[in-house]
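For this chain, numbers begin at 1 and follow the sequence in order.
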Amino acid sequence: MNSRYNTHVRLAVAATLALPMITLAGEAADGAVLDEVVVTAQKRSQNIQDVPIAVTAVDSEAVLNAGIVNIQDLGQIVPTLTVSNAVGIGFSYLRGIGTTAIGPGIEYPVSMYMDGVYLASTTATLLDFGNIDRVEVLKGPQGTLFGRNATGGLIGIFTRDPTQEFRSSGDVSFDNYQTAKAKLYVGGGVTENLAADISVNAGTQGEGWGENLVTGNDVFRNRHNITARSKWVYTPGDATKLTLIGDFTDFKHSSNGQRLYPGTLPAPGYGAAPQPAHGAWDIIADVDPVFTNTSGGVSLKLEQEVGSLNMMSLTAYRDSESTLFWDVDFTEVPWLIGDLVDAESQFSQELQLSSASDGPFNWTAGVYYFRAIGEYKPTAIEGNLVRAIFGPTAQRLEPFNKQVSDAIAGFAQGTFTLSPSTNLTTGIRYSSEKRTLSGSTFLYDSAVSGPISLGTTPKKSLKFKKPTYRIALDHQFNDDVMGYVSWNTGFKSGGWNTQQAADPSFKPEFVKSYEAGFKSDLLGRRLRFNGAAFYYDYSNIQVQKVGTANTGIINGAAATIKGVEAELQLAATDNLLLSGGMAWLHSRFDTFTNAPFRQTNPVRVEPGDASGNVIPFSPEFQVMANADYTRPLVSGAELHFLASLQYNDGMYYEADNQLRQKGYAKVNLGVRWDAADGRYNVKLWANNLTNEEVVSY
């Protein structure tokens with residue numbers, strides 16, 4: 001399957017009322033001086049240049065300038081981050097750590113948070129951005145402060161808070177493939193101490209990027225994508241803040257279409273697989289793919305000052321249900337059809353206490369509870385294969401499998417001021433998790449009234465307990481340069497393969513990270529240059545395995561990952577802002593003797609030795625560059641000329657290293673007109689002018 005990397009020329013028109021343009025983090029202002037960027041990477045507000053962690057922060061204007069519309073686009077501006085699309089489901093790799101496996105109860109090593117709430121469901125992560133204040137990408141294992149342990153890193157999405165001042169904005173865009181999108185935001189004071197807002201995003205696509213050559217219908221088409229989000233902030237006094245958030249998403253598309261890799265022959269019985277000349281997005285299938293999802297949640301956050309302490313409580317509930325319908329054999333023969341219903345819900349509660357003053361010792365401590373239920377209800381399998389196994393009157397096979405996750409963790413982290421220029425940070429988290437699997441399988445046969453039970457999956461449980469740590473030492477060499485070294489560990493619990501309940505469980509994965517980095521503001525704060533070098537000792541790696549109509553996880557033994565990355569921003573003149581980044585990554589399996597190896601003629605999977613192979617989705621070299629040139633007009637309006645480049649020297653998709661994406665370079669160009677009062681803008685841009693085709697999964 002290919003991701004969306006065809007040439008796109010789009011026209012976007014936006015109108016904003018009573019809402020000035022948000023200043024870009026790093027935009028030239030007041031004599032071409034870069035602005036300070038504030039992040040919460042250590043659960044408190046800090047200048048990004050003072051944080052001893054590799055962090056990339058992107059604010060709302062950077063999102064606008066770069067043409068970023070969803071999570072998948074973040075890989076264009078964050079070195080070592082790859083965000084891709086697996087049959088309509090988003091997944092991330094950061095510094096070589098990630099997984100493409102999907103299913104109820106399977107969580108990603110690169111965790112995602114929305115306004116502090118962990119998003120566990122993998123089927124609801126391809127989010128369109130709306131009402132965004134900023135995005136923070138934390139690189140490396142996050143094993144102490146955040147709700148769920150993350151071995152790879154963390155993507156934090158923050159929406160803007162409503163204020164007493166009335167604000168409204170709207171955005172309408174049109175591009176090729178008959179695509180239209182609209183955004184609306186309204187917020188302001190409700191009473192003296194209460195402010196609220198609502199944001200709504202909606203999009204549709206009239207023409208698909210490809211065609212099902214069997215049915216003649218469009219595929220890779222966004223039928224509709226609607227998201228609504230409302231935030232209510234109550235401040236009865238200076239010491240108390242209560243935030244209530246509710247959101248809802250409903251989308252339907254056909255981006256779960258797949259096709260055989262060129263030159264591959266289907267397995268026996270699947271029928272012939274003609275390979276006529278067709279475009280990168282065309283498929284051959286006896287049914288049209290469909291993916292739908294409805295998801296939403298509510299959260300309540302209390303922030304209270306108690307003397308010299310800050311107390312925080314965050315309670316959240318989320319629910320998601322997805323359906324995937326697709327041709328599993330990728331041929332004209334109705335041999336195997338999948339009809340999957342994935343239902344997931346989660347509840348989390350975090351209690352946190354922290355120091356309020358900037359004294360010689362700042363600390364944060366708390367406890368986090370998480371419960372998630374993920375189930376197939378059911379996964380239905382239809383087609384000639386079912387009849388070949390169970391008889392000519394067999395209709396469909398329906399496995400019902402459910403995985404329940406219960407986790408609780410206590411954590412603490414503190415920063416000691418050893419001298420006016422040197423700080424020591426230490427942290428610890430102790431996690432205890434339990435995973436329980438249960439299920440049953442039924443067969444529907446036209447010759448029998450009602451379902452036929454084919455047995456149940458005996459209830460079975462696993463427990464995991466693990467401490468994780470952080471130690472970091474940072475030193476301010478002068479007012480402009482800070483350096484740091486750190487040691488971090490990360491843990492991701494094991495579990496069950498819900499799609500293949502009879503399979504053995506998989507073990508937790510664990511990573512030890514050694515990192516040295518620097519952060520600098522040079523040339524009178526006209527140049528911001530940050531960099532890091534890292535070394536990972538990665539063990540019990542959770543790697544995707546592919547079955548007949550499903551995916552799961554097995555453990556690879558060990559791997560070593562090392563790399564160097566750098567980012568810079570330069571206010572070259574009052575009117576020209578340059579930014580970019582680069583990354584070099586060396587990621588190899590040390591030992592992996594039971595790796596899934598794909599044989600293509602015919603299709604089958606056999607065990608093989610992947611020791612020494614490159615870890616999937618780990619390009620060795622990446623470069624990205626961006627330019628924003630502002631041209632003031634006589635009327636007081638401004639023109640912004642925008643350009644960006646993303647280069648990737650290629651990557652493998654599986655541990656067997658058989659299929660490789662060749663290197664590619666994408667070029668985006670745009671021009672934006674901003675009205676003199678900052679309330680209106682019009683933008684015209686073209687993405688991927690080099691017309692690169694990039695396989696996503």
Side-chain angles (χ1 to χ4, degrees), residues 87-88 102-106 123 212 214-215 217 252 254 256-258 260 266-273 283-294 321-344 373-404 436-460 496-504 545-552 602-605:
V87 293
I102 58 176
I106 292 180
T123 58
N212 183 344
V214 177
T215 66
N217 296 324
K252 181 178 182 179
S254 54
N256 55 318
Q258 296 171 297
L260 287 174
Y270 279 48
I283 67 171
I284 298 172
D286 53 273
V287 296
D288 293 321
V290 179
F291 188 116
T292 66
N293 172 270
T294 55
E321 182 166 307
S322 301
T323 61
L324 292 89
F325 181 75
W326 80 110
D327 181 2
V328 181
D329 57 81
F330 320 139
T331 70
E332 298 181 66
V333 178
W335 183 255
L336 194 58
I337 299 169
D339 189 0
L340 179 153
V341 180
D342 180 337
E344 302 184 59
I373 300 174
E375 59 184 323
Y376 285 126
K377 54 177 199 182
T379 296
I381 300 172
E382 306 172 354
N384 294 346
L385 178 60
V386 176
R387 288 182 282 275
I389 297 174
F390 296 101
T393 56
Q395 294 176 308
R396 54 194 281 141
L397 190 68
E398 292 190 350
F400 292 76
N401 294 311
K402 178 169 70 173
Q403 183 165 195
V404 179
T436 303
L437 179 70
S438 60
S440 57
T441 302
F442 296 92
L443 174 69
Y444 286 82
D445 193 307
S446 61
V448 180
S449 176
I452 303 170
S453 175
L454 299 183
T456 61
T457 301
K459 189 174 182 179
K460 44 190 178 181
W496 305 98
N497 287 309
T498 324
Q499 295 189 14
Q500 304 175 56
D503 284 5
K545 66 170 183 175
V546 177
T548 302
N550 47 42
T551 65
V603 169
R604 63 191 187 280
V605 179

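Between the OG1 atom in Thr498 and the CD atom in Glu344 there is a gap of 8.5 Å [rounded to 0.5 Å]. The line from CZ of Phe390 to CG of Leu385 is 8.5 Å long, rounded to the nearest 0.5 Å. The distance from the CG atom of Leu340 to the CD1 atom of Ile381 is 9.5 Å, given to the nearest 0.5 Å.
Looking at Asp339, its side chain never comes within 3.5 Å of a backbone N or O of Phe325 through a donor-acceptor pair. Under a 3.5 Å cut-off, the side chain of Thr456 and the backbone N or O of Pro458 do not form any donor-acceptor pair. No donor-acceptor pair under 3.5 Å is formed between the side chain of Asn497 and the backbone N or O of Asp503. Formation of a donor-acceptor pair under 3.5 Å by the Asp329 side chain with backbone atoms of Leu336 is found in this model. The backbone N or O of Val290 lies less than 3.5 Å from a partner atom in the side chain of Asn256, making a donor-acceptor pair.
What you find for Phe330 and Gln258 is that their closest heavy atoms are CE2-OE1, 3.3 Å. Between Gly374 and Pro104, the closest heavy-atom pair is C-CB, 3.2 Å.
Each salt bridge (charged side-chain N to carboxylate O under 4.0 Å, His left out) pair with one or both residues in residues 380-395, not counting sequence neighbours, appears once here: Glu382-Arg396.
For Lys459, the NZ atom counts as loosely surrounded, since its 6.0 Å shell holds 12 or fewer non-hydrogen atoms of other residues, nucleotides or ligands.
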In a table with atom names and distances, give each donor-acceptor pair under 3.5 Å that connects a side chain of residues 437-445 to protein atoms at least two apart or in another chain.
{"from": "Asp445", "atom 1": "OD1", "to": "Thr393", "atom 2": "OG1", "distance (Å)": "2.5"}
{"from": "Asp445", "atom 1": "OD1", "to": "Ala447", "atom 2": "N", "distance (Å)": "2.8"}
{"from": "Asp445", "atom 1": "OD2", "to": "Thr393", "atom 2": "OG1", "distance (Å)": "3.1"}

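Under the 4.5 Å side-chain criterion, counting only non-hydrogen atoms from C-beta, Lys252 is in contact with Thr292.
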